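Worksheet for the structure shown next.
For clarity, every value in this text was computed on a predicted model and none was experimentally measured. The basis for the numbers below is simple: all heavy atoms, side chains too, and nothing from hydrogens, waters or symmetry mates. Just so you know, ligand 1 is whichever comes first in the structure, and atom 1 is the first atom listed for that ligand.
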Amino acid sequence: MSIIKKLNTDLEKLVESAGYSVENLVLQPSGRRDLGQFQLNDAMTLSKIYKKAPRLIAEDIIKVIEQDNRFTNINIAGPGFINITLTDEYLAELLTEIYNDNSLNIDKRTKKKIVLDYGGANVAKALHVGHLRSANIGEALKRLAILLGYEVIGDAHLGDYGRPLGLVVLEIKKRYPNLVYFDKTYTGDFSEVEPPITNADLEALYPYASNKAKEDAMYLEEAREITFKIQNHERGYYDLWKKVVEISKRDIKQVYDTLNVNFELWLGESDATEYLNELDEIYKNSHVLTNSEGAQIIEVKEESDTSPMPPLLYKRSNGTVSYETTDLATILQRKKELNPDEIWYCVDARQSLHFDQVFRAARKVKLVEDRVELEHIGFGTMNGKDGKPFKTRDGGVMSLKGLINLVEQETKKKINPDTVEENKREEVAKIVAIAALKYADLLPFRGTDYIFEPEKFADLEGKTGPYLLYSTIRMKSLLKKGVNENIGKITKFKTETEKDIALTIIRLPIILNKAFDSRSLNDITEYIYKLTSLYNKFYTENKILTEEDKELKESWLTLTKIVYDINMMLLDVLAIKVPEKM
Ligand code: ARG
């Protein structure tokens, strides 16, 4: 149990011994630091239950708390707010305990298995800014859940199955009609034939084919046919498609690597197709499929709906499978192969209707037991200064690589040429750029849109990745300079700033839980900023290494180490790497 939780339980017992029973007492940081470090608001709630004035209740409670020598300066404010302060000795003791065992600053949860569907890159299409947030938020949620004791299996769920692939294969056929893949008389092994195509070609092929299909109905029809052939494993087409997936996947992996995003599973939509027959059986037997102009649909409307809920398109009239249906098959696959307690989808909020439809259709036939949670974790968009989803200068979709480059141009200016050797500068600028981008992306609540401002993201001051990296590196270098000094015990504080740091440290478990419950990293990004700026204030106000009071010096170094460790841990949760120097 974390120290803060234990503190809450201890106070709960004290309140009980004063004659009042409370559940889930929570010490709040005081709104009036001049009156105390914490405040207890429970007298207000208890007043209703015990039909007694809150102030009288507060008086009963403080009589008991006053007996406990861990607390000091206990007073009542307003109608019955109880202010409490921890004695310096006790606060120092708590910090030393955390220094010795940082598991005392985390509350683990009951272990559950979560499948986390995030990333969602599409094969043969460049990763764009829309994929950035899924990767960043998903990776960080995964790491947070693991830190809190869950088992999490991250799955990239590649978009490797729909019409875009049919379009790409069609366009390859138009450009290279003589490829063996299209030669019906070829009987050899396709795995030995490399198509003459690079990833850059693929990225150009898709937009071209997609535009052409919009103007040319014949072309679109051909693409449909090819999609059908691929989905039915027709020799040649199917084999070429697999090659395309392979080429594209290599590139996608590289981009995710740069973002420090790692998936446990690299499955795609197509991997769920093995379950399509079984899925058909389930849906047919439950009589929920309806015919609609040759297509098969599932009604998912519910009486309580206040907004339109169209039916889910289960199968198109030409037999091809929809995005909805591959998602249903994937649920079945995950249940059979992984048997999770929860499935989370970290996907753009604009797909919320899709997930409503899919979850309802899944519940209709109990694809998973009711206890298995299906949750769409939606997020807002990253916009340009015009407030619309970020585009390139000529109005096209900005690739993720292009975006990273823009930030890198800014962080390059921030690298200190006196500390970083010339041959390392580029590499460091890249690490800092990724940190800048990721921190900015995780700073707002996930549902909120935000504006892409590379100059601001790269700033060395304020709520930015570079500020945190710079400060953390400085803590590390201080600890390095002080290696021969005593460290391990906090015995005293000199200023209120240090106590504020200490109080911020012990609140960490609350922040982690809050972030987890809201499935958003903003509490964590705000917290690191707060802790770091408090620390920096303390750092500039004191000369730590030349302090003559030995106990104070040891307390300060120990405090530094705790803050440094928390920063490193939280940056790791956010999947932000810290360079050696910058
Ligand atoms: N590939 C999809 C896209 O780019 C995202 C996939 C999200 N995951 C899912 N199970 N539908 O929009």
Item to check | Contact check: Gly120 vs ligand 1, nitrogen or oxygen atoms, below 3.5 angstrom | outcome: yes
Item to check | Residue and atom name of the nearest protein heavy atom (relative to atom 8 (N) of ligand 1), distance in Å to one decimal | outcome: Asp117 OD1, 3.1 Å
Checklist entry - What protein heavy atom is closest to atom 12 (O) of ligand 1, reported as residue, atom name and distance in Å? => result Gln351 NE2, 2.9 Å
Checklist entry - Hey, are the side chains of Asp155 and Leu338 touching, using non-hydrogen atoms and a 4.5 Å cut-off? => result no
Checklist entry - N/O to N/O below 3.5 Å, does that happen between Asn122 and ligand 1? => result yes
Next on the checklist: Between Ser270 and Thr273, is there a side-chain donor-acceptor contact under 3.5 Å, judged purely by atom types and distance?
Outcome noted: no
Next on the checklist: Please list, in number order, the atoms of ligand 1 under 4.0 Å from a heavy atom of Tyr323.
Outcome noted: 2 (C), 5 (C), 6 (C), 7 (C), 9 (C), 11 (N)
Item to check | Lys NZ or Arg CZ of Arg235 over Tyr238 ring: under 6.0 Å, within 45° | outcome: no
Checklist entry - What do the steps show when you test Glu278 against Lys336 for side chain to side chain contact (heavy atoms under 4.5 Å, CB included), and what is the final call? => result CA-CA 11 Å; Glu278 194 174 340; Lys336 297 245 158 164; 2.5 Å; yes
Item to check | Numbering as shown, the atoms of ligand 1 that approach Val347 to under 4.0 Å (heavy-atom distance) | outcome: 7 (C), 8 (N)
Checklist entry - In terms of atom number and element, which parts of ligand 1 are under 4.0 angstrom from non-hydrogen atoms of His131? => result 4 (O)
Item to check | Within reach of ligand 1, part of Asp348 (heavy-atom separation under 4.0 Å) | outcome: neither
Checklist entry - Out of curiosity, Glu246 CD to Lys242 NZ, how far, rounded to the nearest 0.5 Å? => result 9.0 Å
Checklist entry - Heavy-atom distance under 4.5 Å between the side chains of Glu526 and Ile511, does that happen here? => result no
Checklist entry - Are any of the N or O atoms of Tyr345 closer than 3.5 Å to those of ligand 1? => result no
Item to check | Any Tyr118 heavy atom less than 4.0 Å to ligand 1 | outcome: no
Checklist entry - Passes ring-ring contact (aromatic ring centres under 6.0 Å, His included), Phe182 versus Tyr176? Steps please. => result CA-CA 9 Å; Phe182 309 116; Tyr176 308 95; 9.1 Å; no
Next on the checklist: I'd like to know whether the aromatic ring centres of Tyr439 and Phe457 sit less than 6.0 Å apart in this structure.
Outcome noted: no
Item to check | Location of contacts on Tyr161 toward ligand 1, heavy atoms closer than 4.0 Å | outcome: neither
